[in-house]
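Comments concern the structure below.
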Amino acid sequence: MKIALIGYGKMGKAIEEIALKRGHEIVLKIDVDNTSEFTPEKLRKADAAIVFTGPQSAYDNVRKCIEAGTPLVCGSTGWLDKWGNIKSLCEKMQGSLVYSSNYSIGVNIFFEVNKKLAALMAQHDDYEITMEEIHHTQKKDAPSGTAVTLAEQVLENIGRKKSWVNHISDNPDELEIISERIDPAPGTHKVKYSSAIDDIEIIHTAHNRTGFATGAVLAAEFIKAKTGIYSMKDVLGL
Ligand SMILES: NC(=O)c1ccc[n+]([C@@H]2O[C@H](COP(=O)([O-])OP(=O)(O)OC[C@H]3O[C@@H](n4cnc5c(N)ncnc54)[C@H](O)[C@@H]3O)[C@@H](O)[C@H]2O)c1
């Protein structure tokens, strides 16, 4: 298939490598130095666009792809305050979008384990819950999009936690997420349940970017002929 890459940084380059290996063609590459080429005409030459730009430009880039009618996979994180606008636009334009805060197969299995563990722990008030995420120092958003997804899953299942915060907290209503920035960590996430008797921890550690890139290409293959909004759970049939 023909793929447009919007954002040609660390992820854009990793995705290109995997896409070429899977027999796809890259028909458009957009980064800050050639944004004038990011036109509906050029986008429409692609079967799907894959957006991995920074958080500041992600919303506009996603919007442009939907308006051009090009199915898209968005990996950019840190822009979900505008999710409602994109959802409405996608419905109005009958657009095609896959969004996941994390495209790796391992993390998507981890998400399912996190939900199941949270449901099991819902009644066990003697366990305090905390989260930690570690990424490389160039990461612009904190907490990571993946940590936000994990936190939302905990909040949906554990009534005693009302909101997440991105700092140390003594407030029992708050779910504490500690963000650390250490090179070259591609991404580590930990959810910990701690009581006076014992601890239960689940940890996912990415060793490189290949998992995210492979998942993003799988998502592009999935969305090419579909309409609507999907997640990696749909792509992987979890
Ligand atoms: N969902 C996932 O699985 C996943 C995995 C890794 C990273 N990410 C997220 O993806 C994003 C990109 O990550 P990265 O590691 O490739 O970062 P990066 O900084 O290496 O690359 C981002 C690229 O986008 C370019 N860019 C910025 N504004 C642009 C614009 N207006 N138009 C076109 N290009 C523009 C930058 O010049 C840069 O080359 C981040 O938000 C990161 O958190 C998501």
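Residue numbers run from 1 in the order of the sequence given. Scope of the values below: all heavy atoms of this structure, side chains included, with no hydrogens, waters or symmetry mates. Both ligands and their constituent atoms are indexed starting at 1 by order of listing.
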Write down the atom of K139, the atom of T77, and the distance for their closest heavy-atom approach. NZ-OG1, 3.6 Å
For ligand 1, which atoms have a heavy atom of K139 less than 4.0 angstrom away? 43 (O)
N-O pairing of E133 and R181 below 4.0 Å: yes
Is H167 atom NE2 crowded by more than 12 heavy atoms from other residues, nucleotides or ligands, each under 6.0 Å away? yes
Protein residue, atom and distance nearest to atom 13 (O) of ligand 1, heavy-atom basis: M11 CG, 4.0 Å
same_hphob_cluster(V191, V113) at 4.5 Å side-chain heavy-atom cutoff: yes
Just let me know how T146 lines up against ligand 1, side chain, backbone, both or neither, with a heavy-atom cut-off below 4.0 Å. neither
Side-chain ion pair, K13 and E17, N-O less than 4.0 Å: no
Considering heavy atoms of the protein only, find what lies nearest to atom 40 (C) of ligand 1 and give residue, atom and distance to 0.1 Å. T53 O, 3.9 Å
If the cut-off is 4.0 Å to any non-hydrogen atom of Y8, which atoms of ligand 1 fall inside it? 39 (O)
4.0 Å heavy-atom contact, G78 with ligand 1: no
I'd like to check which ligand 1 atoms, numbered from 1 as shown, lie under 4.0 Å from a non-hydrogen atom of S100. 1 (N)
So, using ring-ring contact (aromatic ring centres under 6.0 Å, His included) as the criterion, who are the partners of H204 when residues are at least two apart? F110
Hey, which atoms in ligand 1 end up nearer than 4.0 Å to a heavy atom of Y103? 1 (N), 2 (C), 3 (O)
Is there any N or O on S104 that sits under 3.5 Å from an N or O of ligand 1? no
To which protein heavy atom is atom 27 (C) of ligand 1 closest, and what is the distance rounded to 0.1 Å? V32 CG1, 3.8 Å
Could you check whether any heavy atom of I6 sits closer than 4.0 Å to an atom of ligand 1, since that is the contact criterion I want to use? no
Exam field: side chain D47 to backbone K224, donor-acceptor pair closer than 3.5 Å: no
Name the option, out of G7, S57, A216, that contains the heavy atom nearest to atom 29 (C) of ligand 1. S57
Does some side-chain heavy atom of I223 sit less than 4.5 Å from a side-chain heavy atom of L72? no
Among all protein heavy atoms in this structure, tell me which lies nearest to atom 39 (O) of ligand 1, with the distance rounded to 0.1 Å. D31 OD2, 2.7 Å
For atom 21 (O) of ligand 1, what's the nearest protein heavy-atom neighbour? Residue, atom name and distance, please. G9 CA, 3.3 Å
Charged N-O contact under 4.0 Å between E128 and K161: yes
Using 30° and 60° as the class boundaries, would you call the ring planes of W79 and W83 parallel, tilted or perpendicular? tilted
Report yes if the side chains of Y8 and I26 come closer than 4.5 Å at any heavy-atom pair, otherwise no. no
Taking only heavy atoms of G75, which atoms of ligand 1 are found under 4.0 Å from at least one of them? 1 (N), 2 (C), 4 (C), 8 (N), 9 (C), 10 (O), 44 (C)
Per-residue contact class, A58 against ligand 1 - non-hydrogen pairs under 4.0 Å: neither
Does any N/O atom on K10 come nearer than 3.5 Å to any N/O atom on ligand 1? yes
Which residue supplies the protein heavy atom nearest to atom 32 (N) of ligand 1, what is that atom called, and how far is it? T35 CG2, 3.8 Å
Indicate, as side chain, backbone, both or neither, the part of F38 found under 4.0 angstrom from ligand 1 when only non-hydrogen atoms are considered. neither
Nearest-contact summary for atom 42 (C) of ligand 1 - protein heavy atom, Å: T77 OG1, 3.9 Å
Count I, L, V, M, F, W, Y as connected when their side-chain heavy atoms are under 4.5 Å apart, and connections chain through other members. Are I200 and L175 then in the same cluster? yes
among protein heavy atoms, the one nearest atom 22 (C) of ligand 1 is F52 O, 3.7 Å
Give the numbers and elements of all ligand 1 atoms closer than 4.0 Å to a heavy atom of D141. 43 (O)
Which ILVMFWY residues are connected to I182, directly or by a chain of links, through side-chain heavy atoms under 4.5 Å apart? I134
